[in-house]
Amino acid sequence: MGEAAHENIGVGVKSSSKFIDALRGERGETSPMWMMRQAGRYLPEYRALREHNSMLQMVMTPELACEVTLQPLRRFPLDAAIIFADILTPLIGMGINLEFKKGEGPVIDNPVRSAKDVANLRVPTPQENVGYTLDAIRMVVSELRGKTPLIGFCGAPFTLACYLIQGESPGDLEYTKGLMVGDPETWRALQLKLVKLSADYLVAQVEAGCESLQIFDSWLGYVGPREYDRFVEPYLHALVDEVRSRVSVPVVFFATSVAGLFPRLSKLSVDAFGVDWRVSLPQARALLGRDTPLQGNLDPQILAGPWEYIRSSAQAILDEGRGLPAHVFNLGHGILPHTPVENVERLVEFVRSYRA
Ligand code: 1CP
């Protein structure tokens, strides 16, 4: 890396890494690999810790978050770690009551539904809000000793608003879209607060030692092009542009079911796009109309299937990846709790050794 990449605030890429190189558009002999939700319930050692600690306790205790972040790396030779946190934890400091309920996922018992609710939301500094995650990042980085880069992340302003407004895992978005189209001023005020919260959070994660960032817009696939242009794009661009002006690490944007939005998303000033399994990598490239490194896109649901099927799917993706400017192998969405660990082990070994 040249010095130019470091000049913004003096933090930037430290370790030489196949993963960071690929995000910068440099293609090596093999595709580097990590897996979304690579720390999680499919690992027995994660379940063992989880038996005695709630999800939030694990995120809020730096020693535990550090340990859980490192668990998948002890088992598999992955090319990146991702800090154990959640896109929703930074919302707690805004004044919402977040709980992860067994079987239900995240629940917010004081959802945001009015102009007054939005006005009451605080935007604390990352240090006062999520100091526990910043501490965990520093611990992980010191354990990794420059050998493996750590990914920091946040939820995009649209997806965070979905959770804040719906108050639970959004099965549908009727409250969210009702507010968005019915009260655009309040929507704007909420989006601007979320842009500020997330931009500061991403920058703080880089300052604590993260060498790459990923923005998750998990619910964007529910948005049509007209609403994207008016209610989503200005804030997503504001977040990305703000972060880029302050740090120089590569930024990946990930959303699912957004093939129809790819021509618009390609205007985002990110280094790479994460792709889900509903489109092929060449299709995604054509729709984006831009030569950008892509990350993806094995369907995590087929990891429950026979090895031969998994292997041939992974091979097809790696072959497609050879046609891209650069490719990071990943799943098309998070790994599922019942995934056999043995299949993951074989997959990582296969991806590491495969040469197209
Ligand atoms: O043990 C448990 O019961 C907790 C399950 C769990 C885990 C392991 C949740 C609850 N969050 C996490 C960690 C997490 N979440 C990470 C870091 C770990 C890693 O990747 O190794 C990351 C990056 C996330 C991101 C996240 N959380 C997203 C974006 C990615 C995606 O899946 O689309 C979203 C939407 C969430 C919300 C969330 N948190 C937890 C659940 C079950 C959910 C999804 C609920 C829903 O479908 O709405």
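For ligands, and for the atoms within them, numbers begin at 1 and follow the listed sequence. Below, each value reflects all heavy atoms present in this structure, side chains not excepted, and no hydrogens, waters or symmetry copies.
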- Item | Qualifying ring pair (Phe, Tyr, Trp, His ring centres under 6.0 Å) pairs, either residue in residues 38-68, two or more places apart | Tyr46-Phe84
- Query: Any heavy atom of Gly334 sitting closer than 4.0 Å to ligand 1?
  - Reply: no
- Task: Starting from atom 35 (C) of ligand 1, find the nearest protein heavy-atom neighbour and note its residue, name and distance.
- Result: Tyr163 OH, 3.2 Å
- Item | Arg230 CZ: over 12 foreign heavy atoms closer than 6.0 Å | no
- Item | Side-chain donor-acceptor contact under 3.5 Å, Ser31 with His327 | yes
- Note on the structure: Logged contact type for Arg41 with ligand 1, heavy-atom cut-off 4.0 Å, is side chain
- Query: Going by an N to O cut-off under 4.0 Å, is there a salt bridge joining Glu45 and Arg75?
  - Reply: yes
- In terms of side-chain heavy atoms, does Thr89 have a donor or acceptor partner in Asp86 at a distance below 3.5 Å? no
- Task: List the steps, then state whether ring-ring contact (aromatic ring centres under 6.0 Å, His included) holds for Phe158 with Tyr235.
- Result: CA-CA 8 Å; Phe158 175 77; Tyr235 312 110; over 10 Å; no
- Nearest candidate to atom 18 (C) of ligand 1, where distance is taken over non-hydrogen atoms, out of Phe153, Phe100, Phe84, Phe254: Phe84
- Query: Tell me, which protein residue and heavy-atom name are nearest atom 30 (C) of ligand 1, and how many Å apart are they?
  - Reply: Phe216 CD2, 3.4 Å
- Do NZ/NE/NH1/NH2 and the carboxylate oxygens of Arg244 and Asp271 come within less than 4.0 Å? yes
- Message: What protein heavy atom lies closest to atom 2 (C) of ligand 1? Include the residue and the distance to one decimal.
- Response: Arg50 NE, 3.3 Å
- Task: Mind checking whether Ile83 contacts ligand 1 via backbone (N, CA, C, O), side chain (CB onward), both or neither, at a 4.0 Å heavy-atom cut-off?
- Result: backbone
- Task: Look at atom 44 (C) of ligand 1 and find which of Arg37, Met36, His333, Met35 reaches it with the closest heavy atom.
- Result: Arg37
- Heavy-atom distance under 4.5 Å between the side chains of Gln205 and Tyr201, does that happen here? yes
- Task: Considering heavy atoms of the protein only, find what lies nearest to atom 17 (C) of ligand 1 and give residue, atom and distance to 0.1 Å.
- Result: Ala85 O, 3.5 Å
- Should the heavy atoms of other residues, nucleotides or ligands under 6.0 Å from CD of Gln315 be counted, would the total exceed 12? yes
- Flag side-chain contact, heavy atom, 4.5 Å: Leu164 against Leu194: yes
- Item | For atom 12 (C) of ligand 1, closest protein heavy-atom neighbour | Met55 CE, 3.3 Å
- Is the closest basic N to carboxylate O distance between Arg246 and Asp200 below 4.0 Å? yes
- A student checking ligand 1 against Ser218 at a 4.0 Å heavy-atom cut-off should list atoms 29 (C), 30 (C), 31 (C), 33 (O), 35 (C)
- Message: Heavy atom to atom 1 (O) of ligand 1, shortest distance: which of Tyr42, Trp34, Tyr46 holds it?
- Response: Tyr46
- Note on the structure: One finds that the ligand 1 atoms under 4.0 Å from a non-hydrogen atom of Ile82 are 19 (C), 20 (O), 21 (O), 23 (C)
- Which of the atoms of ligand 1 are close to Pro106, meaning less than 4.0 Å from one of its heavy atoms? 45 (C)
- Distance from atom 11 (N) of ligand 1 to nearest protein heavy atom, with residue and atom: Asp86 OD1, 2.6 Å
- Do me a favour and list the nearest non-hydrogen protein atom to atom 47 (O) of ligand 1 with residue, atom name and distance? Ser169 OG, 3.3 Å
- Is there a heavy atom of Gly105 sitting under 4.0 angstrom from any atom of ligand 1? no
- Message: Just by distance, no angles: are the side chains of Trp34 and Gln295 close enough, under 3.5 Å, to form a donor-acceptor pair?
- Response: yes
- Note on the structure: min-distance protein heavy atom vs atom 21 (O) of ligand 1 -> Ala39 N, 2.8 Å
- Task: Return a yes/no value for Pro170: is any of its N or O atoms, backbone included, closer than 3.5 angstrom to an N or O of ligand 1?
- Result: no
